[in-house]
> 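Before anything else, here's the structure in question.
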Amino acid sequence: MIVADLHIHSRYSRATARDLTPESLWQAAQLKGLDLLGAGDCTHPAWLAELREKLVETGDGAYQLRPELTSGPASAVPEACRRPVRFLLSGEISCIYKRHGATRKVHLVVILPDFAAAEAVNLRLGRLGNITSDGRPILGLDVRDLVELVLDCSPEAICIPAHIWTPWFSLFGSKSGFDRIEDCFADLTGQIHALETGLSSDPAMNWRLSSLDGYTLVSNSDAHSPANLAREANLLDCPPSFPALAAALADPWEKGFVGTLEFFPDEGKYHLDGHRKCDLRLDPVETRRLNGRCPVCGGPITVGVLSRVEDLADRPLGGGPARRPHFEYLVPLGEVLGEVLQKGPRTKGVLQAQAELTRRLGPELFVLRQASPEDLDRVGGPVLAEAIHRMRTGKVWLEGGYDGEFGVVKLFAPEERKELAGQGRLWRGAEKPRPQPAREKANPAAQAPLPAEPSLPLAGPGPSPGLALNPEQQAAVEASGAPLIVRAGPGSGKTRLLVARAARFLAAGADPARMQLVTFTRKAAGELAQRLADACPTGAAARVGTFHSLGREVLTQALGGPPLVIDEDERLGLVAELAQKAGLKAGELAQHLGLAKQRVEDPGEPWLRPWFRAYQEALAQRQALDLDDLVRQAVRCLRDDPELARTWGQRFQHLLVDEYQDLNPAQVEFLRALAGPQCQLAAIGDPDQAIYGFRGADRRLFAAFGQDFPGARVLSLRDNYRNRAPILALASALMTAEPDPGRPQQIARAGDGPLPLLATLPSPEAEADWVARQVVELLGGVDSRQVEAGADQGHGYAARDIAVLYRLHAQAPLLAEALARAGAPFQVAAREPLAETDPLDFKAQRVSLLSMHAAKGLEFPVVFVTGLEEGLLPYLPPERAPADPAEERRLLYVALTRAGERLYLSRATRRALYGQVRHPGPSPLLADLPPGLWSQEAAPRRARKPRQLGLF
DNA sequence: CTCTCCGCGGTTTTT
DNA sequence: CCGCGGAGAG
């Protein structure tokens, strides 16, 4: 018979002992009596490298410590404990993701056959998230997809859902788990053969779910220090190797899975229900009676494992399958000796006694399970013999753990303990106390079965109710007979309106080939096309494209073939050549030429004209155009060729233009040429969200629509369905400083919410830490330490609900580091879209870090807007022209209105930019936010120095 | 062709 | 300050 502990951690995991090395594990395994040990944290590159260096293959599917590492003086193992220790490669991965509308946090233990498999898994995981910052990586990844990935890398790999009942991080957890395994693993459910019951439940509790009958129930220590190894473990009657283990887990009765060594589940941290903060311990019946609400603080009670088992059980107390594996309860030897000696379990006397016992009798598990009463008496004394007898027979006092508080197991009654304390001599030779049996540990769930109350899965927000429109939207959809421009603020249903209008005219018989929707980006075009297809699934789709694609089409006809467009590198090379001749910086010339190209006419600046012409000539020599020319030259061709102008001017019955505030003069000219008298032109946009002036967009064209398209009708959408009232109030207040008679007062239709919060931090590092702390709290904690530190109950937000915005990409690394340290899954929006994405590209379940510009058009329930400082917003580049302050105000407006429910603002009072340390005051834009509309974070706690976790 | 060292420039971004 | 690109060496 061998004893196996398959789930532990290394020193690279959070809150673990620093002395967790392969050598110390080898030593501790022997002192405990383990034959087979999952080495843990195999997803961490540094730990895996260390394992590769220090372990060698045994040749039969396991590893062992290099012989030369077993001889150091520090690794002395008493003769009585010495045994071969086999290692396997194992690890635990934390998945945080949204599924069926609710946030899920599920931990998975993975055991891999060899280093090649571990490295293959790490390569894939490394692309999905940060696996270097924590031995137990936290990934924004559906655990079903993780299983697929692991099996893809290594078909023999063993996947075991970890501590399946803990409320916060598990398959069946009350806080973020599932009710059925199939709901979690879907089509891959069949790949799961074993479940880890965790400290707070024992096999008997699990037997009450007939749905678990087919699974092997395993127990592991989840140790964070060598001392905790084997506090739970598995008994196997098979060789200590990977293939034998895999076979035993898949076919326990035939292949030698014997059973488990267990904590008294009461001792687990989440056995009962309750509130640690409120000092409230409840059993499931009481929780029911209180309707799940804490009578002290009113918050939801943390529902423990016992309750959860009751909820999902379909068998009565004591019920179970016909055939049940063996299991036995243990109390760690340190705790037993602590009671015997009336001292704490980690005190010097206890440690000495423990060392003496293992030296003279054998490993801890032998002492606890197998040593004869006589031997125990001889070495430890009668009190010890009695204590262990009671443990073995289950005659113990139990006080259930709850809400992260460990439970208490006592082998002696209080009055016995008093008696013992008076005796003085407890260790070896102490008198045997009168045995006074305590409550027998028959079954932990000593309560009457509870009436089953179905726990409903959280319903996500329902689908948007078709194309239901408010009266203003309806008017904008119907309007015809004149050019139309609609001013549509954030969250006013801009896209819905465009789609509804197109659908309405298509339904009325408009020719789809003569209807064109125009956007700026291909992404926007794609989304619009999709929405339109959804809205009118039967009819032929209208044309949806970008200004550039439309320009290309015109030019193709004008030139009798598709134009050749030079790519960006080529263009920059060309400009650089010219710049050298001109004695200018390449970047500077490129910018001027680029801006000039936003207009149809050649530039007016005399100094620029020759270079502009030279540039155009160079293009002509190559018979090529640049991207801006697609629109500009199309307009010129339409000007010069009446026949072409007629064709295109008559072509469209409907033109629908998105983001009109971002147009440049060339694009307006283009529209004028395309919108003939028969054409219904409808434009939509929001001049308050015009943030691309720096690349030639001219928001004044929005107001000038009436001049460019005479007889135009102007409408506004006032209802805002996105931003909670306090967020909208703050954003609106920001814009009142820039008066605009045409601006409608938006009406908050999304309901009330918390006030936006501004935090002032001493440094960018502290700011990043603050953001990370808030994120962790919003996620309800990403590890148990945070949960136990009272990281609130969470708010039901998933990582993908949260965005962190900044003015400069240079701010991103610190924020990313802080989130990585905090263990929150995140992604940084790349400046350029990544050329290659992983083929197994899962829907991102991560916090998004992106620039305020990149956030345009997006929305998130929770938004952080960082770096609200003098010099950063509005941005004042050192030694350069300052950014347009009005545009920077609109940029902040865009940023604020990305937030649906919660808005956090932050600034640092020290910031180093380009090597210069500055002490900026608050952004002057903050002065325009009336004090009543936001709250301040009072004296933020100073950031703790983060412990260095990784080497990478 | 590849490596290293030095100097300088360094918002925001789409086609 | 620090990353990238150009230049010069091997």
Side-chain angles (χ1 to χ4, degrees), chain A residues 518-526 545-555 562-573 576 579-580 584-588 590-591 594-595 597-598 624-634 658-659 661-664 666-667 670 689-697 764-765 805-814 829-833 849-858 865-867 869 871-895 910-918:
Chain A
V518 193
T519 64
F520 275 83
T521 67
R522 286 191 290 225
K523 186 168 164 244
T546 63
F547 274 102
H548 289 88
S549 67
L550 202 48
R552 185 191 301 268
E553 214 176 321
V554 170
L555 283 169
L564 178 66
V565 179
I566 61 169
D567 65 30
E568 192 58 12
D569 287 347
E570 215 174 337
R571 186 181 79 92
L572 288 174
Q580 207 158 24
L584 289 166
K585 287 182 226 164
E588 208 176 335
Q591 203 199 345
L595 283 176
K597 287 249 164 160
Q598 311 303 306
L625 301 175
D626 66 17
L627 277 163
D628 290 322
D629 277 335
L630 288 178
V631 173
R632 202 180 99 102
Q633 298 292 9
D658 200 7
E659 307 276 22
Q661 77 284 349
D662 287 335
L663 263 65
N664 62 36
Q667 287 160 332
F670 193 37
Q689 295 183 65
I691 55 174
Y692 287 114
F694 69 89
R695 65 176 195 218
E765 291 79 8
L805 309 188
Y806 40 78
R807 179 64 180 83
L808 304 184
H809 287 295
Q811 295 167 253
L814 276 181
R831 238 166 287 205
E832 287 129 279
L849 272 65
L850 64 173
S851 69
M852 296 186 200
H853 283 89
K856 194 178 170 222
L858 306 176
V865 183
T866 63
E869 296 146 31
L872 246 194
L873 196 80
Y875 182 54
L876 303 173
E879 331 230 343
R880 275 165 166 275
D884 171 9
E887 184 154 304
E888 299 280 302
R889 177 186 298 277
R890 294 192 294 271
L891 183 58
L892 179 56
Y893 179 72
V894 166
R910 173 172 66 74
R911 185 169 304 266
L913 205 53
Y914 309 136
Q916 284 180 349
V917 178
R918 298 189 275 180

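In this text the structure is predicted, and so the values were computed from the model without any measurement. Here is how names work: the chains are called A, B, and so on, in the same order as the sequence lines, proteins then strands, and each is numbered from 1. Quick note: numbers below take in every heavy atom, side chains included, and nothing from hydrogens, waters or symmetry partners.
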> Using whole Å, what does the distance between atom P of nucleotide dT15(B) and atom CG of Asp626(A) come to?
15 Å
> Roughly how many Å apart are dT12(B) and dG5(C), using the C1' atom of each and rounding to a whole number?
23 Å
> For Arg552(A), check side chain to side chain donor-acceptor pair (under 3.5 Å) against everything at least two apart and list the hits.
none
> Could you state the atom-to-atom distance from CZ of Arg632(A) to C1' of dT14(B) in whole Å?
18 Å
> For Leu627(A) and dT13(B), give me the distance from atom CG to atom P, rounded to whole Å.
17 Å
> Calculate, to the nearest 0.5 Å, the distance between atoms CD1 and CG belonging to Ile691(A) and Asp884(A) respectively.
12.5 Å
> Say whether, by atom type as modelled, one donor and one acceptor occur between the side chain of Asp629(A) and the main chain of Arg632(A) under 3.5 angstrom.
no
> Rounded to whole Å, please give me the gap between CG in Leu595(A) and C1' in dT12(B).
13 Å
> Show each protein N/O and nucleotides 5-9 of chain B N/O combination with a separation under 3.5 Å, one pair to a line.
none

> Name the nucleic acid region contacted by Arg522(A), choosing base, sugar-phosphate or nothing; use a 4.0 angstrom heavy-atom cut-off, strictly under.
sugar-phosphate
> Got a sec, which residues hit salt bridge (charged side-chain N to carboxylate O under 4.0 Å, His left out) with Arg910(A), two or more places apart in sequence or on another chain?
Glu765(A)
> Please tell me which of the listed nucleotides, dT13(B), dT11(B), dT14(B), lies nearest to the side chain of Thr521(A)?
dT14(B)
> For Phe547(A), report the nucleic acid contact type (base, sugar-phosphate, nothing); a contact means any heavy atom under 4.0 Å.
nothing
> Rounded to the nearest 0.5 Å, what separation is found between the OG1 atom of Thr519(A) and the CG atom of Asp662(A)?
11.5 Å
> Between dT15(B), dT11(B), dT13(B), which nucleotide has the shortest distance from any of its atoms to the side chain of His809(A)?
dT13(B)
> Taking the six-membered ring for Trp, are His853(A) and Phe694(A) parallel (under 30°), tilted (30 to 60°) or perpendicular (over 60°)?
perpendicular
> To the side chain of Tyr875(A), which of dT15(B), dT12(B), dT11(B) is closest?
dT11(B)
> Could you tell me how far apart Leu814(A) (CG) and dC2(C) (C1') are, to the nearest whole angstrom?
13 Å
> Whole Å only: how far is the CD1 atom of Ile566(A) from the P atom of dT14(B)?
19 Å
> Hey, does Ala854(A) reach any base, or is it just sugar-phosphate, or nothing, if we go heavy atoms under 4.0 Å?
sugar-phosphate
> Please give, in whole Å, the distance from dT15(B) P to Leu555(A) CG?
18 Å
> Which nucleotide wins on minimum distance to the side chain of Asp628(A), given the candidates dT13(B), dT11(B), dT15(B)?
dT15(B)
> Describe the nucleic acid contact of Phe520(A) in one word from base, sugar-phosphate, nothing, applying a heavy-atom distance below 4.0 Å.
sugar-phosphate
> Enter the distance from Glu869(A):CD to Leu913(A):CG here, rounded to the nearest 0.5 Å.
9.5 Å
> Do Glu659(A) and Lys856(A) sit within salt-bridge range, that is, some charged N less than 4.0 Å from a carboxylate O?
yes
> Can you tell me the distance, in whole Å, between the CG atom of Asp567(A) and the P atom of dT15(B)?
15 Å
> Closest to the Ala883(A) side chain: dT13(B), dT15(B), dT11(B)?
dT11(B)
> According to a strict under-4.0 Å criterion, is Thr546(A) in side-chain N/O contact with OP1 or OP2 of dT14(B)?
no
